[in-house]
Amino acid sequence: MGLYKGQQAYLEEKFQDRVTFDRLERKLYGHDIAAIPKLVKPLIGSTVPDAVVQPQAESELVELARWARRQAIPLVPRAKASSGYGGAVPVRGGIVVDFYRMSGVVSVDVESQEVTVQPGITWERLDRDLAKHGLTLRLYPSSYPSSTVGGWLAQGGAGFGSYQYGYFRDNVTSARVVLPDGEIEEFTSDGLDLVADAEGITGFISQVTLKVQPLGEIDVVAFSCRTASDLQGFVESVVASGLPVWSIMFINPSMADMKNIAPSSAHGGEGDTARVELPKAYISVVTFKSTQKENLRENLEELAHRAGAQTLSDDIARHEWDNRFKIMLVKRLGPSLVPAEVIVPVSGLGVTLDEISAKIRHPVLKEGIIVKDGRGGNPEAVLLGFIPADERTLGYNFMFALSLSIMKIAKKHGGRAYATGMYFSGKAEEILGSDRVLRLRDFKAKNDPSGIMNPGKVIDGGFVDKAIVLGELFEPVARRMGNLVASKVGERPGAEIKGIPGDVAWFAYSCSQCGYCVDTCDQFYGRGWESQSPRGKWYWLREYLEGREKWDQRMVDTFLVCTTCELCDLRCSASLPIESSWMKLRGGLIERDGWMTFPPFEMMAAALEAQGDIWAGYRKDRAAWFPADLAEKHGPGGSAKNVYFAGCTASYVENDIGMAATRLLDVAGVDFTYLGEKESCCATPMLVAGKWDLFAETMKRNVKAVKDAGADTVISSCPACDMMWRKVYPEWAKKLGIEFGITAKHYSEVIAEKIEAGEFEFPPNGSEPVKVTWHDSCHIGRASGVYEPPRSLINAVPGAELVEMSHNRQEALCCGSVLTLIKDPAVAADIGKERLDEVIETGADTVLALCPCCQFQLRVSAQKKEVPVDVVDLARFAAGALGYDFPDPNPEVAAQWAVFEAMISLMTPEGFAELMGSMWPQLIDAMPLKMGAMMRLMGKLPVALELMKPLFPILFPRLLPLMMPKVMPVMLEKVGERIPMPDYMREQMPELMPKVMNNLMPHMIGDVVPLVIEPMIDYLKGK
Ligand SMILES: Cc1cc2nc3c(=O)[nH]c(=O)nc-3n(C[C@H](O)[C@H](O)[C@H](O)COP(=O)(O)OP(=O)(O)OC[C@H]3O[C@@H](n4cnc5c(N)ncnc54)[C@H](O)[C@@H]3O)c2cc1C
Ligand code: SF4
Ligand code: SF4
């Protein structure tokens, strides 16, 4: 239907940057985790909303509901869209209401063990907050890292902890709801029937009060059963025993089998958990509070053995529990999964599982949760089944129908479907009970007669719902067809597709869209829209592979701007190598396909080609920072087993890092030399910029310099340099056929080893105790796995008290550098502030860091956002304890940032247009073929200029390269006026600027021309 201009204007005024009408963004908010078969999609129709809004207060929901009701615009609540029933999918257009910005804790009542929250808070975040009060969740879904409190209440369900605490709804004290007419109502006890499982059709949940429990250790024990009926027997005996178990989950033999063959985490640092070999059996994992451990475990074992089950090793039990959220690993074997979710009474569990195995020829991977007090007070099992399949094939359509077979089998044994959503409104009475359906219908008739609140859901079916009823009628035929499909299982990436490497294409389909990676991606929380998240990018790639999307500069930028923090890799429920997938695309996009990289990278590349560094310093000045008294022992020209690699930023901007690191290495008695002018940039910026030829060339130069110094080990201070020498150079050397043989170490590792061996210690210095916190840089942490050595170093400094930030070690948040800083300085400051806020929370006023880029970014962010935090380099801090003093890097950082910021804003279409506007006389004179004179003449005949106007966009791109050499001197002068460059940079501009302009203008001219035509005409008219 679309929104009228006036309606858009209203939303823009109310929500400002919290509303989007952008086509791609809307598409990304038009789906949930379900991969709908191609043959079914037409029945649903378009699911792209007309707008997406992100309210941040209940009052905004009230206004929106009132307005939308008047305008008859459908409203679709959406939290993390981690459900697969289509509840959050708009089927009749309208506005998606995203609860991302309503995610705070309102109050915590420790005494009554209740917490009140906004609906968009994720379980993980809430649990983290509760821990500060000595509390934890009673129960949560296995989508805990992404799904929300409001989403689970509206969707309904059971999860970990449901054995003891039942369905989520049973743990909710009250829910505040903004009704379709904008009134607010608080629902409690039976009233919650109108909110729970209602998929938002009755209103927006704006606040939830839920019961929680005291925080405590959890113990876990795992058992294997040979048969489904043994599993049932075991569960029944536990229920009958009344033992205080908290949670029982289980998997079937097919799932165990697939878990054994699923790829393990590709994360580079310490993220890998040791693999365990699971027996091909029914495996149940039972958890209980540690305080109850002693005889509880024995009792459980006794019950299990009586039921014919075996106790599995503690390794298996712990592994399964620790990886309980990684349930999408098996999706990589599909790369799609046909889902089927049902609830069956425990009394029918064995026979249901057996019948599914007998009737479905494909492996059905099952995972289950036991609810002790289910419907009617009887124990129930929630069964989630997955059949590995490939949504790109025709067969997927038929295999999808097998989920109906699973439902039919469950129903036969007293079970029911799990939820309604968009697909099962025909089963609403079975799922919710006829009384509730009646109440919902009544409520809707009274409060939402025109049905604007999430239409097409729960009790309001569409075509697809009818198709499902039909499908059930023909289930035996559909099952036969589904069973006949030849489907392979296993990760099997093929050849490159449309320029996308085969493995990346496979991962795009393997992504479950679960959303675990969304909130913690700095690019997402810096901007707040799905397109920036890994999940959004995978979805886009899928659309691209299907031919429904095309690359454009904006999308290229979206992939390029990833900070390479690798947090998503760690969080991914399918352990997808996300960051490295984006990395694989960079070179192809820039060098093969010719898209523009970020303009400042062009300046860095030109400087790197000319002088070997990205800061446009002279190569001859590269070693100027090196402490004079160490020159003879460790300075350039020497030869040693170890090379200290300073990197560009320590060499030209934050000199204290290099000075302090070399002092530490020297005092600790490390044999090292420094390459001086022979050192070049490690070239990380060129790698991420997609300028891979220059990267390879620079890498070769560095490898040769290290070998020439007789070294086989490179000790870095900069994590990006470290990552290059540790991971990337060896890979590239192999690719390029270069003999490598160099080991990488970080100086913190070297010093920590010395401390550990008793070969180095800090003298007592009698200084005041100081409280500091530690920022794990992504590249030294997640990329290189170095977490403890910097901490050992800090703890060895007399008087230092280390306090941890809320996200530390492998969970540490990215500072937002460097790519965000280059692309979007304002967003970078927002991201930096998130990290600085965590510093403040610790009570420390100093954050130590070892990455020059993190330090640069945190310093700039602290200044911009006025956060009173001191950013201090780790080596400086440690060497300071040895009595050394170093120059303050802050003035140089501020000066370099001023240059950088001005350069970034100059290198935009607006910046270039403004620059051109300052030099019209010279530009017009520089036009070839006497065109300048002709233009001046036309200026006197205004009509002629107006007639020429449509030609300018064609002429300008052709003329500009010819004019450039002539106007370069004045352009340099004007650039100099706009950018507060140091002398050495100014001197090099005549060499660097033409290269930069040559590389950028072909990409940018199309955007610049529309901005300069009017000003040029005005100039020619003499205005
Ligand atoms: C890996 C994985 C594991 C999962 N494990 C479980 C599990 O153990 N148990 C389980 O039950 N489910 C599970 N799910 C399904 C899903 O995560 C849950 O249903 C979850 O509760 C959905 O929460 P959400 O925040 O993503 O909500 P969404 O999917 O965004 O929304 C769900 C429904 O709630 C409505 N809604 C959302 N917010 C509001 C609001 N504020 N007001 C009114 N209506 C609203 C939406 O319109 C939609 O109808 C899992 C999913 C995945 C991907
Ligand atoms: S590596 Fe970091 S910035 Fe890049 S997509 Fe992953 S989480 Fe986002
Ligand atoms: S990338 Fe991983 S974490 Fe993110 S949505 Fe996909 S499967 Fe989930």
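Order of listing sets the numbers, starting from 1, for every ligand and every atom in it. Sequential numbering from 1 along the given sequence is applied to the chain's residues.
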Legend entry - Ligand-side contact atoms (ligand 3) for residue partner Trp538, heavy atom cut-off under 4.0 Å: 1 (S)
Inset, instruction - Would you mind checking which non-hydrogen protein atom is closest to atom 9 (N) of ligand 1, with the distance to 0.1 Å? - result: Ala158 O, 2.7 Å
Legend entry - atom 5 (S) of ligand 2: nearest protein contact (heavy atom, Å): Trp582 NE1, 3.4 Å
Legend entry - Trp123: which of Phe160, Phe325, Tyr144, Phe168 passes ring-ring contact (aromatic ring centres under 6.0 Å, His included): Phe168
Inset, instruction - May I ask you to list the atoms of ligand 3 that are less than 4.0 angstrom from any heavy atom of Cys511? - result: 1 (S), 5 (S), 6 (Fe), 7 (S)
Legend entry - Pro119, any N or O under 3.5 Å of ligand 1 N or O: no
Inset, instruction - Check whether the ring centres of Phe524 and Tyr100 lie less than 6.0 Å apart, and answer yes or no. - result: yes
Inset, instruction - Could you check which of Trp123, Phe325, Tyr418 puts a non-hydrogen atom nearest to atom 11 (O) of ligand 1? - result: Tyr418
Inset, instruction - For ligand 1, find out whether one of its N or O atoms is nearer than 3.5 Å to an N or O atom of Ser146. - result: no
Inset, instruction - Considering only non-hydrogen protein atoms, determine which one is nearest to atom 2 (Fe) of ligand 2 and report residue, atom name and distance to 0.1 Å. - result: Cys565 SG, 2.2 Å
Legend entry - Side chains of Gln810 and Arg782, donor plus acceptor under 3.5 Å: no
Legend entry - Protein contact of atom 4 (Fe) of ligand 2 - nearest heavy atom, named by residue and atom, plus distance: Cys562 SG, 2.3 Å
Inset, instruction - Kindly identify the option in Gly86, Ser143, Ser162 whose heavy atom sits closest to atom 2 (C) of ligand 1. - result: Ser143
Legend entry - For atom 36 (N) of ligand 1, the protein heavy atom that lies nearest, with its residue and separation: Ala154 CB, 3.7 Å
Inset, instruction - Would you check the N or O atoms of Tyr140, main chain and side chain alike, for any that come under 3.5 Å of an N or O of ligand 1? - result: no
Inset, instruction - List the closest protein heavy-atom neighbour of atom 27 (O) of ligand 1: residue, atom name, distance to the nearest 0.1 Å. - result: Gly151 CA, 3.4 Å
Legend entry - Residue, atom name and distance, where the atom is the protein heavy atom closest to atom 51 (C) of ligand 1: Ser82 O, 3.2 Å
Legend entry - For Glu579, the ligand 2 atoms whose distance to one of its heavy atoms is below 4.0 Å: 1 (S)
Legend entry - Atoms in ligand 3 flagged as close to Ser512, the criterion being non-hydrogen separation under 4.0 Å: 6 (Fe), 7 (S), 8 (Fe)
Legend entry - Pick from Cys572, Cys521, Ser575: the one approaching atom 3 (S) of ligand 3 most closely through a non-hydrogen atom: Cys572
Inset, instruction - Would you tell me whether Ser142 and Arg324 have side-chain atoms, one donor and one acceptor, within less than 3.5 Å of each other? - result: no
Legend entry - Identity and separation of the nearest protein heavy atom to atom 41 (N) of ligand 1: Ile205 O, 3.1 Å
Inset, instruction - Answer with yes or no whether Cys814 contacts ligand 2, where contact means a heavy atom under 4.0 Å from a ligand atom. - result: no
Legend entry - Any side-chain donor near an acceptor of the partner, His779 and Thr684, under 3.5 Å: no
Inset, instruction - Pick whichever of Ala175, Pro55, Pro77, Pro145 has a heavy atom sitting closest to atom 46 (C) of ligand 1. - result: Pro77
Inset, instruction - Could you check atom 21 (O) of ligand 1 against the protein and tell me its nearest heavy-atom contact, residue, atom and distance included? - result: Trp152 CD1, 2.9 Å
Legend entry - Any N or O of Tyr516 closer than 3.5 Å to N or O of ligand 1: no
Inset, instruction - Report yes or no: do Ser206 and Glu58 form a side-chain donor-acceptor pair below 3.5 Å? - result: yes
Inset, instruction - May I ask you to check if ligand 1 and Glu199 share an N or O to N or O distance below 3.5 Å? - result: yes
Inset, instruction - Using a strict cut-off of 4.0 Å, indicate which atoms of ligand 3 neighbour a heavy atom of Gly515. - result: 5 (S), 8 (Fe)
Legend entry - Per-atom contacts, ligand 1 versus Gly200 - under 4.0 Å to a heavy atom: 43 (C), 44 (N)
Inset, instruction - For Thr563 and ligand 2, answer yes if some heavy atom of the residue is under 4.0 Å from a ligand atom, otherwise no. - result: yes
Inset, instruction - Just jot down the ligand 3 atoms closer than 4.0 angstrom to any heavy atom of Ile578, in number order. - result: 1 (S)
Inset, instruction - Could you tell me the residue and atom name of the protein heavy atom closest to atom 25 (O) of ligand 1, and the distance to it rounded to 0.1 Å? - result: Thr148 OG1, 2.7 Å
Inset, instruction - Considering heavy atoms of the protein only, find what lies nearest to atom 38 (N) of ligand 1 and give residue, atom and distance to 0.1 Å. - result: Ala79 CB, 3.8 Å
